[in-house]
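These numbers were taken from a predicted model, which means no experiment stands behind them.
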Amino acid sequence: MNMKTVEGLVGARSNINLSDTAMGVYRQAMQKGDTATAERALGYAGDMTDQAEAYEAKAEEGMKADAKEMKEKAKADQEKIIEKRKEEQKELEARIEESRKPDGDTIEISGEGTPVSAEASGTGTSGSSDAAASGADTSEMPPVVYNSAGETTPQEAPAQAEISVVV
């Protein structure tokens with residue numbers, strides 16, 4: 001809370017209380033017929049009311065400053081929230097893009113050592129003869145398993161088994 005607001009509210013309240021006291025003195029003086037005291041009390045009440053109005057104006061200035069400060073704070077908070085959501089959106093898009101990318105290439109090799117998929121075998125008759133020629137070379141090589149670092153580990157493969165390699 002702004003200091004002007006606090007000062008204005010406290011000052012206005014205390015001056016209104018003082019005005020009420022002066023008005024009480026005015027009423028008592030009028031009942032007794034003492035016009036001089038009544039006029040003096042009425043003058044004090046008017047002065048206190050004027051001071052209360054001045055403090056009220058000060059309180060209003062403070063409240064306007066408080067409202068302006070709150071709007072600025074709310075705007076800054078909103079901008080932070082928007083920026084945070086943009087960053088979260090970028091992270092989400094990056095994760096989605098990452099999940100769309102395949103982990104690696106997949107090659108399937110049959111028990112005879114020839115590629116199983118049509119893509120790997122090529123098109124036409126020359127591709128099938130190349131596959132047959134490479135199949136002879138492949139059967140002489142010992143079976144291996146590739147890890148994520150690209151290193152090989154020798155393995156014994158069971159006869160007549162299909163092997164899938166994900167790189």
Side-chain angles (χ1 to χ4, degrees), residues 1-110 115-123 143-155 157 161-167:
M1 186 177 267
N2 193 330
M3 284 305 294
K4 282 186 175 181
T5 305
V6 173
E7 184 180 346
L9 292 174
V10 170
R13 179 67 183 160
S14 61
N15 279 304
I16 291 296
N17 288 341
L18 290 173
S19 172
D20 289 343
T21 304
M23 287 303 292
V25 170
Y26 168 77
R27 283 188 211 106
Q28 287 177 354
M30 287 302 286
Q31 285 177 352
K32 293 181 184 177
D34 188 2
T35 57
T37 304
E39 287 178 12
R40 201 170 47 238
L42 194 56
Y44 288 142
D47 290 342
M48 294 301 133
T49 304
D50 291 341
Q51 287 180 1
E53 288 175 1
Y55 277 114
E56 181 182 4
K58 193 177 233 182
E60 286 178 6
E61 287 176 20
M63 286 189 282
K64 286 179 183 178
D66 282 342
K68 183 178 178 181
E69 184 178 319
M70 292 297 286
K71 283 181 184 180
E72 290 173 359
K73 184 178 179 184
K75 186 176 180 180
D77 289 344
Q78 180 118 12
E79 289 174 0
K80 286 180 184 178
I81 290 170
I82 289 171
E83 186 64 32
K84 184 177 178 183
R85 288 204 177 143
K86 284 181 181 179
E87 289 175 13
E88 289 174 354
Q89 182 68 23
K90 286 179 182 178
E91 289 175 10
L92 179 62
E93 289 174 359
R95 278 192 256 142
I96 290 172
E97 188 64 32
E98 186 68 28
S99 68
R100 288 183 181 166
K101 292 180 182 177
D103 291 339
D105 295 333
T106 303
I107 300 174
E108 294 182 18
I109 302 176
S110 68
V116 175
S117 66
E119 288 179 327
S121 64
T123 56
V144 293
V145 173
Y146 290 91
N147 64 15
S148 62
E151 301 168 344
T152 60
T153 307
Q155 296 285 324
E162 286 192 18
I163 300 171
S164 295
V165 179
V166 177
V167 179

**OP:** Might you work through the side chain to side chain contact (heavy atoms under 4.5 Å, CB included) test for Glu56 and Glu60, ending with a clear yes or no?
**Re:** CA-CA 6 Å; Glu56 181 182 4; Glu60 286 178 6; 3.8 Å; yes
Taking all atoms of both residues into account, what is the closest heavy-atom pair of [X] and [Y], and its distance?
| X | Y | value |
| --- | --- | --- |
| Tyr44 | Ala22 | CB-CB, 4.0 Å |
| Thr5 | Ala59 | OG1-O, 3.9 Å |
| Ala65 | Asn2 | CB-ND2, 3.2 Å |
| Gly62 | Lys4 | CA-CB, 3.8 Å |

Once rounded to the nearest 0.5 Å, what's the spacing between atom [atom1] of [X] and atom [atom2] of [Y]?
| X | Y | atom1 | atom2 | answer |
| --- | --- | --- | --- | --- |
| Leu42 | Arg27 | CG | CZ | 10.5 Å |
| Asp34 | Glu39 | CG | CD | 9.5 Å |
| Asn15 | Gln51 | CG | CD | 4.5 Å |
| Lys73 | Asp77 | NZ | CG | 6.5 Å |
| Thr21 | Ile16 | OG1 | CD1 | 11.0 Å |
| Met63 | Asp66 | CE | CG | 8.5 Å |

Subject >> More than 12 heavy atoms from other groups under 6.0 Å of CD on Glu88 >> reply: yes
**OP:** Please name the residue in the list Glu87, Arg85, Lys80 that meets the side chain to side chain contact (heavy atoms under 4.5 Å, CB included) test with Glu83.
**Re:** Glu87
